[in-house]
Structures are given as C-alpha cells and as structure tokens.
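So the structure is just underneath, and the comments pick up after that.
All ligand and atom numbering here is 1-based and tracks the order in the structure.
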Amino acid sequence: MAFKQLVFSGVQPTGNLHLGNYLGAIKRFVELQDRYDCIYCVVDLHAITVWQEPTELPKTIREVAAAFIACGIDPKRHIVFNQSQVAEHAELAWVFNCVARLGWLNRMTQFKEKAGKDRENASVGLYAYPTLMAADILVYRATHVPVGEDQKQHLELSRDVAQKFNNDFGDSIRMHGFGDAFFPLPEPLITGEATRVMSLRDGTKKMSKSDASDQSRINLTDDADAIAQKVKRAKTDPEPLPSEEKGLAARPEADNLVGIFAALAGTTRAGVLKDFGNAQFSTFKAALTELAVEKLSPIAAEMRRLQADPAAIDAILADGSARARTIAGETMKAVKDIVGFVRA
Ligand code: AQP
C-alpha cells in the first residue's frame with residue numbers, strides 16, 4: 001500500500017538545546033518543510049522519563065517550541081505542538097507495549113547508557129521510551145523521520161513494531177479495508193555532515209544536553225562571547241588540519257570541528273578542508289567562531305523575542321495540538337477496530 005508521505009520528528013524539553021540538536025535535527029526539520037507535510041513535536045512525555053522540575057518544565061517546553069519557530073519552522077503551514085496535549089500518543093504506546101518484545105527493548109543502547117549502573121532505579125518510562133517513540137511516529141502514519149545518528153536504533157525498533165503490528169493483525173487489517181498493511185515502515189532521514197555532533201571536551205562523546213560541563217556544548221542560547229570562549233577552549237590535537245578528508249580519520253576532535261563548520265556553512269568536510277587544509281587550529285577556530293556567531297545569534301535573539309510572550313507560544317501549541325489530534329484520533333479509531341476493541 002502507498003502511504004502519503006509525511007515527516008514526523010520530536011525534541012525533548014530537557015533544557016540546554018545545543019548545536020547537536022540544531023545541526024542533527026532542527027535545521028534538517030526546516031529544510032524538509034518545502035518537500036513534505038511535517039509534524040514537529042515537543043516530546044514532553046519523553047522528557048519525564050527522567051525527573052523534570054514541574055516549575056521548570058513549562059519554560060523548557062516553550063523554549064523548544066520557540067527554537068523550532070526561531071530556526072524557521074512555519075507553524076501555520078505545518079504542525080508544531082507538545083506531545084502531552086494529544087492523548088493518542090500514550091494510548092497507541094500501550095498497544096505497542098503489547099506488540100514489542102522484551103528482547104527488543106533489552107537491546108536498546110540508549111537505555112543502557114542513560115540508566116547506567118543504577119538500572120534497578122531507572123523509571124519504567126525510560127525503558128519503554130522506544131515504544132512511545134514508535135507511537136509518536138505511527139499515530140500519524142508518518143513515513144519519514146529526520147533524526148540524529150543516536151536515534152537510529154530507536155527508529156529501527158519503530159519499523160519492527162509497525163511490521164509486527166501489520167503481521168499480527170493482518171487478517172483484521174484486510175477485513176477492515178486497510179489493505180495489506182496499516183502502518184508504514186518509517187524511514188530514518190540521517191544525512192549531512194553533522195548527524196552526530198561530539199562534545200567539545202571529548203571528541204569520542206556525543207554533545208548532550210545532560211553533560212555536566214557546559215563547556216562541552218554550544219547552547220542555542222549562548223551569546224557571542226560564550227561561543228567564542230567555548231570554541232577557543234575546544235579540545236584539539238597538536239597537528240594542523242589535514243588537506244584531505246581521510247586525514248581526519250583518527251582525529252575525532254578535528255573531525256568534529258570540521259563537521260560542525262561544514263554543516264553550519266552548508267558545505268562538506270572536503271569543501272572546508274579545501275579552504276583550511278594545513279591551517280593551524282587557531283586560524284580555523286577564529287573562522288568557526290565567526291561562522292557560528294553569524295548563524296546562531298539571530299536564532300538566539302528570535303528565541304528570546306518569542307519567549308517574552310509565553311501566551312503566544314501556548315496558542316501556537318494549542319492550535320498545533322488540535323490539528324494533530326484530528327489525525328491521531330482517526331488512526332486510533334482504526335487501531336481500535338483492528339485490535340478488536342468495542343468503541344462508541
Ligand atoms: N550530538 C548530537 N548530534 C546530532 N544530533 C543530535 N541529537 C541529539 N544530540 C545530537 C538529535 O536531536 C534530536 C532531539 O534530541 P532529543 O532532545 O530527543 O534527545 P537526545 O537524543 O537524548 O539528545 P541529547 O541532547 O543528548 O539529550 P540527553 O542529554 O538528555 O540525552 C534527535 O533527533 C537527536 O538525534
């Protein structure tokens with residue numbers, strides 16, 4: 001069956017939106033708007049899989065919504081909303097909890113990393129995170145999901161859930177007139193030069209909101225001085241930059257900074273090395289600072305402007321939620337029929 005092409009993706013409101021979230025996800029969301037209908041979600045149900053301070057959470061939800069819009073997402077042409085306003089996400093996630101297998105979830109590396117050694121004390125939500133993510137995507141029967149490299153495994157699980165649902169309920173799907181498959185197998189869109197932006201302090205570790213060191217990341221709200229300082233202090237090695245991409249192979253910090261430059265400038269690593277091959281890091285870092293400030297400062301300014309009017313952000317989220325609910329409601333009606341629930 002041919003499914004209507006639709007993009008879905010989400011960002012967690014867990015504070016400290018950073019350059020990795022921007023280059024790996026939000027910037028790509030913006031680029032896809034002209035080619036697809038898009039649904040972009042502030043995934044607050046995911047955020048509470050680890051403790052969130054109730055007085056801070058509304059601000060962080062609005063901050064992610066503001067970032068979406070400040071980066072260029074058009075909430076009128078597309079849908080921007082927060083997940084907890086559309087109950088169908090949680091409802092479908094329960095059905096998927098009964099479709100997904102424990103063995104699948106046990107393989108998820110993000111749970112292992114986030115739960116760490118204190119696994120027994122992790123929330124059940126953190127463990128079940130991937131089935132909620134599958135529901136987020138499939139409740140809209142979305143076909144394309146732009147994400148950073150770190151979400152690849154979760155996307156594969158979403159495809160497995162869709163496939164198993166289609167198989168397990170195949171007869172019922174056909175009986176209800178939905179053809180051979182009710183859910184599409186969503187495709188990850190993981191492309192570009194910055195699918196995995198690394199920490200500025202350690203080129204082998206992902207740039208992350210939850211890293212204790214603020215020096216490890218460039219936040220979307222950092223001012224020019226903070227960006228300059230962080231780039232200046234970013235870890236490097238003693239060699240000048242190579243003139244060809246293969247020279248970056250065993251140099252994670254150099255590779256990361258060149259990748260960031262390429263993604264910000266809209267070029268490739270090879271393109272950057274054409275200009276900066278054999279340059280010292282001091283020269284390259286000065287150019288990177290200038291470029292990052294040029295690209296990020298207008299976003300930070302627009303985020304501040306939008307966040308000064310929380311009621312306006314709430315109105316955008318309410319409007320997006322209403323439109324999302326209409327689509328999600330139709331999917332849930334069909335799912336209930338397919339599963340065999342009695343409904344009004
Ligand atoms: N370092 C990164 N490089 C490229 N893409 C990244 N993403 C996250 N970090 C990087 C992508 O950003 C989107 C939103 O991520 P998220 O908010 O759902 O949470 P996450 O993947 O768990 O990201 P963080 O920032 O590292 O948060 P914490 O510290 O809480 O784990 C996703 O598409 C993600 O791939």
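Using a cutoff of 4.0 Å between basic side-chain nitrogens and carboxylate oxygens, E302 and R305 are scored as salt-bridged. Between R77 and D34 there is a salt bridge, since a side-chain N of the basic residue sits under 4.0 Å from a carboxylate O of the acidic one.
For the residue pair Q110 / D150, no side-chain donor-acceptor distance below 3.5 Å is found, with atom types taken as modelled. Under 3.5 Å, the side chains of Y22 and N219 contain no donor-acceptor pair of N or O atoms.
Side-chain contact between L19 and L296 is present, with at least one heavy-atom pair separated by less than 4.5 Å. Residues L92 and M332 meet the side-chain proximity criterion, which asks for heavy atoms closer than 4.5 Å.
Contacts of ligand 1 (protein heavy-atom distance under 4.0 Å) are G10, V11, Q12, H18, G20, N21, G24, A25, K114, V147, G148, D150, Q151, A194, T195, R196, V197, K206, M207, S208, K209, S210.
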